[in-house]
Number of protein chains: 2
Amino acid sequence: MKRKITLKQIAKELDVSVSTVSKSLKDSKEISKDTKEKVKAFAKLYNYKPNNIALSLKNRKTKTIGIIIPEIVHHFFTTVIRGIEKIAGDRGYNVIICLSNNSFDKEVLNLEFLANGSTDGFIMSVAKETQQKEDYHHIQEVISQGMPVVMFDRVIDEVICDKVIISDKHGAFEAVQYLIDHHCKKIAIISTVDYVSVGKLRTSGYKEALIANDFEIDEDLILKIEDVDHSEEKIEEFLKEKKIDGLFAVNEQFAVNAIKALTKLKKRVPEDVSVIGFTDGVVSKSFIPSLSTVNQHGEDMGAKAANLLIDRLENETEEQSFQTTVLDTSLIIRDSVRK
Amino acid sequence: MKRKITLKQIAKELDVSVSTVSKSLKDSKEISKDTKEKVKAFAKLYNYKPNNIALSLKNRKTKTIGIIIPEIVHHFFTTVIRGIEKIAGDRGYNVIICLSNNSFDKEVLNLEFLANGSTDGFIMSVAKETQQKEDYHHIQEVISQGMPVVMFDRVIDEVICDKVIISDKHGAFEAVQYLIDHHCKKIAIISTVDYVSVGKLRTSGYKEALIANDFEIDEDLILKIEDVDHSEEKIEEFLKEKKIDGLFAVNEQFAVNAIKALTKLKKRVPEDVSVIGFTDGVVSKSFIPSLSTVNQHGEDMGAKAANLLIDRLENETEEQSFQTTVLDTSLIIRDSVRK
DNA sequence: TTTCAACACGAAAACGTTAGAGTTGGTGTT
DNA sequence: AACACCAACTCTAACGTTTTCGTGTTGAAA
């Protein structure tokens with residue numbers, strides 16, 4: 001077991017000083033050609049690579065981005081990660097991922113830990129619990145320490161930083177508008193509780209579309225689900241008594257569960273009820289009928305967030321104008337809607 | 001913008017030496033009660049937290065685990081990550097995730113980069129391209145430098161290290177046995193090309209089950225897919241001419257595509273053909289008919305891998321006996337099979 | 001022969017931390 | 001009075017780098 005070789009060891013072997021070795025490897029013109037070549041050859045032979053930790057300490061930057069997300073077994077988040085990772089890789093950064101599991105405490109812990117030198121900045125989507133508590137001191141804290149933060153998807157208005165979101169409201173609006181334009185007269189929505197920002201926004205997009213088309217808003221057609229794990233029964237119960245011909249669900253899971261419930265209730269999709277979901281994932285594509293969805297373009301979102309963060313990290317100029325980038329959604333029409 | 005405070009700054013403010021501050025915070029008995037209290041109060045006030053990078057450099061350990069996987073938008077891998085992350089968190093470790101995108105070069109790059117001080121050890125599932133090239137020097141290299149590596153799922157026999165796998169062969173065997181036990185006489189398999197280790201193993205499990213039951217192995221009933229992205233057409237074409245009543249697919253995607261193809265071909269699942277897939281994910285649960293699968297227990301796998309790695313990191317004793325842990329699969333029977 | 005720049009290298013400090021080895025001043029023992 | 005001992009610190013080295021500032025040796029110009 002040969003430990004990684006250091007400058008010091010090379011120096012000793014070649015009987016020169018550490019600085020000479022360092023300079024040689026950086027091709028400094030202070031060093032003679034002979035010495036440089038000797039050092040380089042030796043370094044190559046022993047596969048010398050500078051120690052990142054030492055570099056980080058010296059340079060006070062780690063070239064690492066911290067990603068904090070609520071959950072990893074989640075198609076949308078993983079696409080975002082892929083987007084971040086791609087850009088980060090291209091621009092010479094690494095990513096370190098922490099999961100909050102939607103727990104406020106874990107989020108605080110992660111943030112604090114990573115802020116102590118491990119990363120140069122953060123890209124995050126906040127935990128549900130954090131949104132509920134409305135306690136953002138931990139995020140404010142790292143920002144005030146000079147670490148750039150970019151929020152995506154679930155963002156917090158009160159925190160001043162760069163943000164990347166999709167137009168949840170508009171995406172929902174378009175989906176509902178599509179339903180209205182295609183034979184639907186009575187459209188229900190399955191959403192989350194209001195403290196989840198995106199759920200709230202999508203619900204309001206739904207409402208706006210109805211209003212824009214002179215439909216009445218019937219609170220009985222709005223289901224807000226708290227506990228995602230037991231959504232299936234809730235949805236079934238909700239749909240039991242409803243005479244609807246259109247349904248908008250704020251995520252894939254709800255959409256799928258709704259279709260299952262409808263099938264149980266002997267309603268056909270899309271003949272009797274048209275369904276559109278939010279977020280495009282494997283399930284949407286594979287499902288029968290394949291699900292029409294509002295595509296969130298997660299990879300673009302991640303890429304944009306990464307670029308924003310790295311730009312800020314590399315522009316010491318520090319213009320303090322933070323931007324919120326709103327990405328377009330797009331409606332993917334598949335078989336779950338009448339055409 | 002207040003930068004994070006350091007020991008040196010605290011020392012200066014309180015007019016003591018850096019070591020006094022350090023020792024006070026560690027509650028060393030070398031320091032008087034008075035001074036300790038003063039320092040602690042000050043540190044707390046300014047929210048002092050030691051710099052991880054400096055600690056890493058000093059201690060020559062980072063308390064960080066590197067995870068290298070081929071792909072992140074992938075249900076199984078994310079469950080593994082969740083398992084790793086959970087154990088790592090509990091045991092005081094962080095995880096840093098790198099994606100190889102199934103590219104050999106990227107895998108090498110990631111490994112090299114992380115090995116230069118960024119992590120204490122690795123948990124990895126190798127890229128498809130690496131398996132194909134059979135070039136494992138990069139992995140051997142980090143191991144020879146004394147970094148523990150734990151491989152999972154797609155492991156490499158030639159590399160000597162701890163491994164966590166499932167009994168792919170046995171899982172496949174059980175699935176096929178189930179089909180045989182439940183009215184199937186002619187069972188096809190949709191697999192990957194042989195250089196993907198798990199595909200090969202599952203295929204051999206399939207064959208063994210057939211042999212064990214005195215079925216003939218018909219190479220015409222074995223489809224090996226190279227290009228996952230265009231599997232749909234391949235599968236459809238394959239199934240067109242086949243008169244089968246059972247089908248085993250080595251992953252979820254293939255299973256779903258197969259059912260779709262069968263549906264197109266006017267064959268009902270499970271009435272005409274029983275289907276079992278490998279890996280249990282959202283799609284399997286949601287699909288109609290819900291998919292019977294071989295459950296890989298990804299989270300357990302991740303947890304086991306993390307424990308193995310951390311045990312090795314923390315036991316300096318270094319007994320060089322590496323172990324391969326074989327996790328059991330379990331058959332989840334749902335609606336895609338006759339009962 | 002003196003002067004001086006160019007060359008080629010070395011020493012040291014710094015990043016933030018810790019731990020072991022000094023140092024100081026005071027008390028207690030004989 | 002001499003010594004030992006203890007409390008309560010400070011110093012120093014070390015982890016692996018980079019970079020600034022020195023410094024000794026050339027060779028050439030004056």
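Sequence lines set the chain letters: A, B, ... in the order given, protein chains first and strands last, and positions in each chain run from 1.
What separates NZ of Lys38(A) from C1' of dA8(C) is a distance of 12 Å, to the nearest Å. Atom NZ of Lys26(B) is separated from atom C1' of dT18(C) by 7 Å (rounded to the nearest Å). When the P atom of dT18(D) is taken as reference, atom CG of Asp27(A) falls 13 Å away, rounded to whole Å. Distance, Asn52(B) CG to dT17(C) P: 10 Å, rounded to whole Å.
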Could you run through nucleotides 6-16 of chain D and give me one letter per nucleotide, 5' to 3': B if any protein heavy atom sits under 4.0 Å from the base, S if only the sugar-phosphate is that close, - if neither?
--BBBB--BBB
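The environment of Tyr46(A) atom OH is sparse: at most 12 non-hydrogen atoms of other residues, nucleotides or ligands sit within 6.0 angstrom.
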Donor-acceptor pairs are to be reported for all side-chain atoms of residues 151-162 of chain A against protein atoms at under 3.5 Å, with residues two or more places apart or in another chain.
from: Arg154(A); atom 1: NH1; to: Asn102(A); atom 2: OD1; distance (Å): 3.2
from: Arg154(A); atom 1: NH1; to: Val126(A); atom 2: O; distance (Å): 3.0
from: Asp162(A); atom 1: OD1; to: Arg312(A); atom 2: NH2; distance (Å): 3.4
from: Asp162(A); atom 1: OD1; to: Gln323(A); atom 2: N; distance (Å): 2.8
from: Asp162(A); atom 1: OD2; to: Arg312(A); atom 2: NE; distance (Å): 2.6
from: Asp162(A); atom 1: OD2; to: Arg312(A); atom 2: NH2; distance (Å): 3.3

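Taking five base pairs at each end of the helix from dT1(C)-dA30(D) to dT30(C)-dA1(D), the local helix axes there meet at an angle of 90°, rounded to 10°.
A search for ring pair (Phe, Tyr, Trp, His ring centres under 6.0 Å) contacts involving Tyr136(B) returns nothing, not counting sequence neighbours. With sequence neighbours excluded, the residues forming a salt bridge (charged side-chain N to carboxylate O under 4.0 Å, His left out) with Lys36(A) are Asp27(A), listed by chain and number.
Using a 4.5 Å heavy-atom threshold, the side chains of Leu111(A) and Ile139(A) count as touching.
Checked against Val150(B) for a side-chain contact (heavy atoms from CB on, under 4.5 Å), the options Ile67(B), Thr325(B), Leu308(B), Ile310(B) give a single hit: Leu308(B).
By the 4.0 Å N-to-carboxylate-O rule, Asp311(A) lies close enough to Arg91(A) to be salt-bridged with it.
Within the structure, side-chain hydrogen bond (donor to acceptor under 3.5 Å, both in side chains) pairs that include any residue of residues 76-86 of chain A comprise Arg82(A)-Glu299(A), Arg82(A)-Glu71(B), Glu85(A)-Lys106(B), Lys86(A)-Glu299(A) (at least two apart or interchain).
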